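This is a predicted model, so every value here is computed, not measured.
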Amino acid sequence: MVLPLGFIGVPVMTTAISIFMLVRQSQVVYSLEELRGYEAALRERLPETQHAIFRWTESYRQWRSRRVIPVTAHLYLLTLLVVGIAPM
């Protein structure tokens with residue numbers, strides 16, 4: 001009785017954690033969209049030589065596609081393999 005509940009509990013917990021992380025990531029993206037206007041205003045006040053200082057909202061998308069998405073994809077694949085192959 002305990003073994004089938006464990007194999008059902010692992011995917012349920014994995015799904016719950018994944019949904020939580022997706023909500024957190026969407027909050028980050030929304031906050032960065034709101035912050036973009038403030039960064040632009042700050043860059044206007046800086047001298048021309050220091051315009052690269054406030055570029056985090058623009059570089060975050062590149063960093064996310066280069067670092068976060070591949071790591072997340074590998075973790076999902078690993079979870080799928082553990083949950084799918086381990087019971088066999």
Find out if a path of hydrophobic residues (ILVMFWY) with successive side-chain heavy-atom gaps under 4.5 Å connects Val28 to Tyr38.
yes
Path from Val29 to Val23 over hydrophobic side-chain contacts below 4.5 Å:
no
Looking only at heavy atoms, what is the nearest atom pair of His74 and Pro70, with distance?
ND1-O, 2.6 Å
Fellow cluster residues of Met13, listed by chain then number, with links counted only when side-chain atoms sit under 4.5 Å apart:
none
Is there a path from Tyr30 to Leu35 through hydrophobic residues (I, L, V, M, F, W, Y) whose side chains come within less than 4.5 Å of each other?
no
Quick one: side-chain hydrogen bond (donor to acceptor under 3.5 Å, both in side chains) partners of Gln27, sequence neighbours excluded?
none
dist Leu22:CG -> Arg24:CZ (nearest 0.5 Å) comes out at 12.0 Å
